[in-house]
Amino acid sequence: MLAQDAVNSGDTAWVLVCAGLVLFMTPGLAVFYGGMVRTRNVLAMLQQNMVALGVVSLTWVLVGYTIAFGDDAGTGLFGNLELFGLNDLRVPPAPHLHVVTGQVTIPTLAFVAYQMMFAVITPALITGATAGRLRFAGWVAFLAIWSILVYAPIAHWLWHPDGWLARFGTQDWAGGMVVHASAGAAVLGTLLVVGRRRGWPKTASPPNSIPLSILGAGILWFGWFGFNGGDGLQANGLAAQALINTHLAAAAGMLVWLVAERLKDGHSTVVGGVSGAVAGLATVTPAAGYVNTLSAIAIGAIAGIVCHFALRLKYLLRLDDALDVLAVHFVGGMLGSLLVGFFGDSGVNPLGKDGLLFGGGGSLLWHQIVGVVAVVAFSFVLSWAIAAAVQAVLGLRAPADEQDNLDHAQQDADAYHLGGVAGLNGTGAPQRRREPGRERGAERPARPVQNARLVTATVNPTLLPTTRELRDALVGAGATSIVLFDATVSTAEPTARSLPRGYWQDQDLVGRARVEVVVEREAVSAVLDVLGRYGAERSECFVQDVQLATDVR
């Protein structure tokens, strides 16, 4: 039974669609983070994010919603427990909740569902900082407790009309403080408990799949339209303004980050581009429904430069933030919340206030500063306490001997079953033409070998245009049997390798393809010449006498 007598179907449909978009951001975040971690920790990272959909959805319905949006208990700090388990939803969302003018015309359950998705993704942001170090059972417990004791009260402070920060005059459109600043402060407290990865910061951790991360970033960008566009709870001009502000801030953040990366590191990277976009998205989140279009572009551009240089923050604080959550989300959330005090424009939203640059004086900026300080302090202290308690009771930090392979330790599974040799180019055409008498998969009949020798070498896969070229060249030189497989070899001088966001590492072991060729003694020199064309040094090749199995008696 609906809480309202009259429901606007357009507004309701828009809010429900936005709820789906925000839900989609959680698997997007999982993929974004999953591509950035080590190969053997991919499944663990995906699970840490996806489990939030299960855990926080239930805590939200049982107790989180009533703490955040139930009638104020009298202090402005949290709501009463009358809506425990959504027991009584007769009262619709308050008319001015989330700056909706006039009578709210959506079912209360639509509002519950929409806000649920915010509650789900907020603690999931923390996993990017703690990558490779979380025990799964401890993380589930932390998720449940944090969503109740930290997230729900902060949501009440800012998003309930009777919350103390809302009454004070602090504004947060879609979660610069409620989501990003609170999660970033939680990162600070949690990292003090789980500590650093082995060898950090001397040991680099290359991403396992940059394309996977780019896909995740695209999903986040797409989902952010619901994140910011639906917070007015109405399908109207303000929703359109928030949506266009969201997109343009991301675009500006991307371009400015790419320029900064080019000037600082000498190249612009795709990871840098999406990092700048996410920084722009996080920074415009508290302002999307309060500022005009040009202000949103300026906010995104400021985010691109500030968040880029905030990458050094974790080294200054000596905190092992694996995937730069502090630089992008924590700094971005706080920065955007403060920029509302400069760019706020009541002409965009009558329920907003004018900022310093629009003739409003410093009042709004002061309210924003107080809000940021209160949220960060509250989240940091409670997050540290929760993490410490979980570590003492269940264990939050994974054992050191499991951290390099959480997928096996926690799931007994591998994310990938791939090899470099299998990925080498083969010959091909739009349509394959079979040769008469030769079926697919048929092998070349082996010919008898006299005075057999086994030639072993390592070649550089990047020098092989196609696998057929190598095979044909070796066969032409006299090879009768060829085996090719992956290998990792040492180098005389370490090879510098660039990693995302300005990191680098020295590689003492590099990937090569190992070749084993059976050939008659007279053709050994010709085979070595062929292998030399593909990077095999004669001083690193081996020739052995072999006996074919057919000759064994």
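Just so you know, these numbers come straight off a predicted model, no measurement behind them.
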Identify all side-chain donor-acceptor contacts of residues 178-193 below 3.5 Å with residues at least two apart in sequence or on another chain.
from: H180; atom 1: ND1; to: H329; atom 2: ND1; distance (Å): 3.2
from: S182; atom 1: OG; to: V178; atom 2: O; distance (Å): 2.5
from: S182; atom 1: OG; to: V179; atom 2: O; distance (Å): 3.1
from: T190; atom 1: OG1; to: A186; atom 2: O; distance (Å): 2.7

message: If the threshold is 4.0 Å, N to carboxylate O, is there a salt bridge linking K314 and D324?
response: yes
task: Any chance you could measure L326, atom CG, to D321, atom CG, to the nearest 0.5 Å?
output: 4.0 Å
query: Is the closest side-chain heavy-atom distance between L281 and F227 below 4.5 Å?
result: no
query: Which atom pair, heavy atoms only, marks the closest approach of I305 to A260?
result: CD1-CB, 3.9 Å
task: Please name all residues satisfying salt bridge (charged side-chain N to carboxylate O under 4.0 Å, His left out) with R262, sequence neighbours left out, ordered by chain then number.
output: none
- prompt: To the nearest 0.5 Å, what is the distance between CG (D414) and CG (L43)?
  reply: 7.5 Å
- request: Would you confirm whether T130, through its side chain, and R133, through its main-chain N or O, come within 3.5 Å as a donor-acceptor pair?
  value: no
task: For residues W257 and F309, establish whether the separation of their ring centroids is below 6.0 Å.
output: no
message: With no hydrogens and no angle check, just 3.5 Å: does a side-chain donor-acceptor pair link Q47 and Q411?
response: yes
task: Would you confirm whether E261, through its side chain, and T269, through its main-chain N or O, come within 3.5 Å as a donor-acceptor pair?
output: yes
field: Straight-line distance of W146 CH2 to L382 CG, nearest 0.5 Å
entry: 10.0 Å
query: Tell me, do L158 and V375 make a side-chain contact under 4.5 Å, heavy atoms counted?
result: yes
Distance-minimising heavy-atom pair for A217 and V274: CB-CB, 3.6 Å
task: Quick one: closest heavy-atom pair of I67 and P153, and the distance?
output: CG2-N, 3.9 Å
side-chain contact (heavy atoms from CB on, under 4.5 Å) between Y114 and L233, worked out: CA-CA 9 Å; Y114 181 62; L233 304 180; 4.1 Å; yes
- prompt: Do the side chains of S213 and V271 get nearer than 4.5 Å, heavy atoms only?
  reply: no
- prompt: Roughly how far apart are I154 CD1 and D172 CG, rounded to 0.5 Å?
  reply: 10.5 Å
task: Evaluate the side-chain proximity of P286 to W173: yes if any heavy-atom separation is below 4.5 Å, no if none is.
output: no
- prompt: Can you tell me if Q410 uses its side chain to pair, donor with acceptor, with the backbone of L134 under 3.5 Å?
  reply: yes
task: Please tell me if the side chains of T127 and M45 come closer than 4.5 Å, counting only heavy atoms from C-beta onward.
output: yes
query: Do W157 and F378 have their ring centres less than 6.0 Å from each other?
result: yes
task: Kindly indicate whether the side chain of R135, heavy atoms from C-beta on, has any atom under 4.5 Å from the side chain of P399.
output: yes
task: Might you work through the side chain to side chain donor-acceptor pair (under 3.5 Å) test for T39 and N208, ending with a clear yes or no?
output: CA-CA 5 Å; T39 304; N208 74 89; 5.2 Å; no
Neighbour count >12 (heavy atoms, 6.0 Å) for atom CZ, R198: no
statement: When every non-hydrogen atom of V37 is compared with those of L323, the smallest separation belongs to CG1-CD1, 4.2 Å
query: Do N49 and Y33 pass the side chain to side chain donor-acceptor pair (under 3.5 Å) test, and can you show the C-alpha distance, the side-chain angles, and the key distance before you say yes or no?
result: CA-CA 9 Å; N49 280 265; Y33 284 167; over 6 Å; no
task: Go through the steps for I219 and M25 under the test side-chain contact (heavy atoms from CB on, under 4.5 Å), then give the verdict.
output: CA-CA 6 Å; I219 293 173; M25 293 178 72; 5.8 Å; no
- prompt: Roughly how far, to the nearest 0.5 Å, is NE2 of H308 from OG of S275?
  reply: 10.0 Å
- request: Measure from the side-chain N and O atoms of N245 to the backbone N and O of V291, and report whether any donor-acceptor pair falls under 3.5 Å.
  value: yes
- line: Distance col, row F118:CZ vs L23:CG, nearest 0.5 angstrom, shows 12.0 Å
field: Any I126 side-chain heavy atom under 4.5 Å of W139 side chain
entry: yes
message: Less than 3.5 Å apart, any donor N or O on the side chain of W200 or D320 sitting next to an acceptor on the other?
response: yes
message: Could you report the tightest heavy-atom contact between T285 and G176, atom names first, then the distance?
response: CG2-N, 3.8 Å
task: Looking only at non-hydrogen atoms, find the nearest pair between A310 and V331 and report the distance.
output: CB-CG2, 3.9 Å
message: Go through it in stages, so that I can follow the logic: the residues are V56 and Y151, the test is side-chain contact (heavy atoms from CB on, under 4.5 Å), and I'd like the CA-CA distance, side-chain angles, deciding distance and then a yes or no.
response: CA-CA 10 Å; V56 181; Y151 178 83; over 6 Å; no
field: Sidechain-backbone polar pair: D72 side chain, T75 backbone, donor-acceptor under 3.5 Å
entry: yes
task: Say whether, by atom type as modelled, one donor and one acceptor occur between the side chain of R38 and the main chain of G132 under 3.5 angstrom.
output: no
- prompt: Would you call D404 and R40 a salt bridge, using N to O less than 4.0 angstrom?
  reply: no
message: Determine whether a donor-acceptor pair (N or O, by modelled atom type, separation under 3.5 Å) exists between the side chain of S147 and the backbone of A144.
response: yes
message: Under the criterion side chain to side chain donor-acceptor pair (under 3.5 Å), I'd like the reasoning laid out for H160 against D71: C-alpha separation, chi angles, the key distance, then a yes or no.
response: CA-CA 9 Å; H160 193 287; D71 289 340; 5.0 Å; no
message: Walk me through whether I106 and F111 qualify under side-chain contact (heavy atoms from CB on, under 4.5 Å).
response: CA-CA 7 Å; I106 64 171; F111 180 74; 4.2 Å; yes
query: Do W221 and H247 get their side chains close enough for a donor-acceptor pair, meaning under 3.5 Å?
result: yes
- prompt: How about W14 and Q234: do any of their side-chain heavy atoms sit closer than 4.5 Å?
  reply: no
- prompt: Is it the case that more than 12 heavy atoms not belonging to D412 sit under 6.0 Å from its CG atom?
  reply: no
- request: Tell me yes or no: between the side chains of Q368 and T170, is some donor less than 3.5 Å from an acceptor?
  value: no
Ring centroid separation F343 to Y290 under 6.0 Å: no
message: Using the ring centroid of each side chain, check whether W164 and H156 are separated by less than 6.0 Å.
response: no
- prompt: Is a donor on one side and an acceptor on the other found under 3.5 Å between the side chain of S209 and the backbone of G35?
  reply: no
